[in-house]
Amino acid sequence: MQCRYYKRLEDGKVECTLCPHHCRIAEGKTGICRSRRNQGGVLVSEVYGQPCSLAIDPIEKKPLYHFHPGTTCLSLACTGCNFHCLNCQNHDISQVAPADIHHYELSPEDIVALCLKHHCPGIAYTYTEPLTYLEYIIDCARLAHEAGLWNILVTAGYVCQQPLSDLLPYLDAANVDLKSFSDDIYNKVSGGHLQPVLDTILAMKLAGVWVEITNLIIPGVNDDMQMIRQMCRWLNEKGLAEAPLHFSRFFPRYKMLETPPTPIATLKAAKRIAEEEGIRYAYLGNV
């Protein structure tokens, strides 16, 4: 499937314009996400119509607590991610090439039919980074809306504004993983930057998408309470005081196996700070 977001370069390379990495990709190679390849000067998605994971989840698992609680959603994921988080809990599908794991062959029409068959009122694009297979999501989401289904995005939010704007008309709710409020931490732990994520959150809010935020607190990495206060203050100042904020507990994963789980006291302290800064709904997760 040819990608929509790229431009051809004079030397036979292509530049992917989907996310802020702007990968310059040589013939036969992929970008950072591993799922978008240069084939003869054309950027193609190697995961379009090929989800590697399917499940029916309670919507609270996303987590979305204030968007149709008590309902279910059909969750799907394709391989790939444009971050390389050292603590990734789904690294077995996010940090691999599409050819390395099993996948299904399911068109957008198939996904919508599957959702209706199992009486799920919505589809959640989740588990890996759904924005790396944005073309597939847009095609699924458009058909889902025509069938009266919701579209839910669980994302790290690292995307350029034009591709995001193409998705927003079909998006009903999102949980954005705001990994920290430090560009330095984003760069060291995930291989990205903070500002594009903030831009994504604000664009979703402006478009009328229901937004909830997750902040995974990792001991010794992003557990500085002053930084957490700055994050909460920013959310309040940007009109997101009523957007549920989920402080999630870290457990050792992937390349951070020596880091201990987050103390419950740390999560409770973060919740108190959020409430002090005007965040109306602060929750603790993975506890």
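- Following chains of ILVMFWY side-chain contacts shorter than 4.5 Å, one cannot reach V287 starting from Y281, and the two form parts of different hydrophobic clusters.
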Decide yes or no on side-chain contact (heavy atoms from CB on, under 4.5 Å) for N236 and R233, but give the supporting numbers first. CA-CA 5 Å; N236 193 352; R233 189 168 295 169; 5.8 Å; no
What verdict does the side-chain contact (heavy atoms from CB on, under 4.5 Å) test give for L194 and L198, after you've listed the backbone C-alpha separation in whole Å, the side-chain angles of each residue and the deciding distance to 0.1 Å? CA-CA 7 Å; L194 170 62; L198 301 181; 3.9 Å; yes
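- Checked against a 6.0 Å centroid threshold, the rings of Y283 and Y65 count as neighbours.
- Side-chain atoms of H102 and Y104, non-hydrogen and from C-beta on, do get closer than 4.5 Å to each other.
- Rounding to the nearest 0.5 Å places OG of S53 at 8.0 Å from CG of N90.
- Contact annotation: the side chain of L43 approaches that of C16 to within less than 4.5 Å [non-hydrogen atoms, C-beta and beyond].
- At a cut-off of 3.5 Å, with distance as the only test, no side-chain donor of D223 or T266 sits close to an acceptor on the other residue.
- Between the OH atom in Y5 and the CD atom in E135 there is a gap of 6.0 Å [rounded to 0.5 Å].
- Looking at N82, I137, L153 one by one, the single match for side-chain contact (heavy atoms from CB on, under 4.5 Å) with L131 turns out to be L153.
- Classification of E146 and R142 as a salt-bridged pair holds, one side-chain N sitting under 4.0 Å from a carboxylate O.
- Of the possible donor and acceptor atoms, one in the side chain of N38 sits under 3.5 Å from a partner among the backbone N and O of G12.
- For R272 and E277, the salt-bridge test fails: no basic side-chain N is under 4.0 Å from an acidic carboxylate O.
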Stepwise salt bridge (charged side-chain N to carboxylate O under 4.0 Å, His left out) check, K271 with E275: CA-CA 6 Å; K271 183 177 187 294; E275 292 167 346; 2.6 Å; yes
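- A donor-acceptor contact shorter than 3.5 Å links the side chain of T262 to the backbone of I217.
- Of the inter-residue distances, the one linking L235 atom CG with K205 atom NZ reads 11.0 Å to the nearest 0.5 angstrom.
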Derivation of the salt bridge (charged side-chain N to carboxylate O under 4.0 Å, His left out) call for R229 and E276: CA-CA 9 Å; R229 186 177 296 278; E276 289 170 3; 2.9 Å; yes
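- Side-chain heavy atoms closer than 4.5 Å link hydrophobic residues (I, L, V, M, F, W, Y) into clusters, and following such links, possibly through other members, connects L284 to L178.
- With a 4.5 Å cut-off on side-chain heavy atoms, K179 and L216 do not count as touching.
- Between V44 and M1, every side-chain heavy-atom pair lies at or beyond the 4.5 Å cut-off.
- Using modelled atom types, one finds a donor on one side chain and an acceptor on the other under 3.5 Å when comparing S75 with D57.
- Shortest non-hydrogen contact noted between C3 and S45 is SG-N, 3.3 Å.
- The pair E46-R34 does not meet the salt-bridge criterion, since no charged nitrogen lies less than 4.0 angstrom from a carboxylate oxygen.
- Partner of V112 under the side-chain contact (heavy atoms from CB on, under 4.5 Å) criterion, out of L114, D110, L116: L116 alone.
- In terms of modelled atom types and a separation under 3.5 Å, the side chain of N215 and the main chain of D177 share no donor-acceptor contact.
- Every residue two or more places apart in sequence or in another chain was checked for a side-chain hydrogen bond (donor to acceptor under 3.5 Å, both in side chains) with E60, and none qualifies.
- Counting heavy atoms from C-beta outward, L240 and W234 have side chains that approach closer than 4.5 Å.
- Under a hydrophobic clustering in which Ile, Leu, Val, Met, Phe, Trp and Tyr are joined whenever their side-chain heavy atoms come within less than 4.5 Å, directly or via other members, I111 and Y125 fall into the same cluster.
- You'll find the ring centres of Y48 and Y133 outside the 6.0 Å limit.
- Using modelled atom types, one side-chain atom of S182 and one backbone atom of D184 make a donor-acceptor pair closer than 3.5 Å.
- In terms of modelled atom types and a separation under 3.5 Å, the side chain of N187 and the main chain of D183 share no donor-acceptor contact.
- To the nearest 0.5 angstrom, S190 atom OG is 10.0 Å from Y158 atom OH.
- H68 and I59 get closest at one heavy-atom pair: O-CG2, 3.5 Å.
- Criterion: ILVMFWY side-chain heavy atoms under 4.5 Å apart, direct or through other members. Under it, L9 and L18 are not part of a common hydrophobic cluster.
- Residues passing the side chain to side chain contact (heavy atoms under 4.5 Å, CB included) test with A173, sequence neighbours excluded: L64, F67, I152, W210.
- The main-chain N or O of P261 is never found under 3.5 Å from a side-chain atom of R249 such that the two would form a donor-acceptor pair.
- Listed here is the closest heavy atom pair of Y170 and H145: O-NE2, 3.2 Å.
- When side chains are defined from C-beta on, L202 counts as touching K238, because their heavy atoms get closer than 4.5 Å.
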Under the side-chain contact (heavy atoms from CB on, under 4.5 Å) rule, what do L74 and H118 come out as? Steps first, then yes or no, please. CA-CA 8 Å; L74 177 68; H118 291 282; 5.6 Å; no
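- Contact annotation: the side chain of V176 never approaches that of T214 to less than 4.5 Å [non-hydrogen atoms, C-beta and beyond].
- Residues meeting the side-chain hydrogen bond (donor to acceptor under 3.5 Å, both in side chains) test with T71, sequence neighbours left out: none.
- Residue Q89 qualifies as open at atom CD: its count of foreign heavy atoms under 6.0 Å is 12 or below.
- In this model, no donor atom of one side chain and acceptor atom of the other lie less than 3.5 Å apart for H66 and E212.
- A salt bridge links D139 with R4: at least one charged nitrogen is closer than 4.0 Å to a carboxylate oxygen.
- In this structure a side-chain-to-backbone donor-acceptor pair under 3.5 Å is missing from T128 to S94.
- Nearest heavy-atom pair across C78 and V47 is SG-O, 3.6 Å.
- Considering every non-hydrogen atom in both Y254 and C88, the closest pair reads CB-O, 3.4 Å.
- Shortest non-hydrogen contact noted between P98 and H103 is O-ND1, 4.3 Å.
- Aromatic ring centres of H193 and Y186 lie farther apart than the 6.0 Å criterion allows.
- Taking the six-membered ring where the residue is Trp, F83 and H21 present perpendicular rings, their angle passing 60° and hence far from 30°.
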As a quick check of understanding, evaluate side-chain contact (heavy atoms from CB on, under 4.5 Å) for I93 and Y127, giving each step before the final call. CA-CA 8 Å; I93 57 176; Y127 301 145; 4.1 Å; yes
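- If you check the side chains of E129 and T155, you find a donor sitting under 3.5 Å from an acceptor.
- Note on L76 and L106: same hydrophobic cluster, where clusters join Ile, Leu, Val, Met, Phe, Trp and Tyr whose side-chain heavy atoms are under 4.5 Å apart, directly or indirectly.
- With hydrogens and angles disregarded, a donor-acceptor distance shorter than 3.5 Å links the side chain of D172 to the backbone of N151.
- Put simply, the side chain of T259 reaches to within 4.5 Å of the side chain of I218, judged on heavy atoms.
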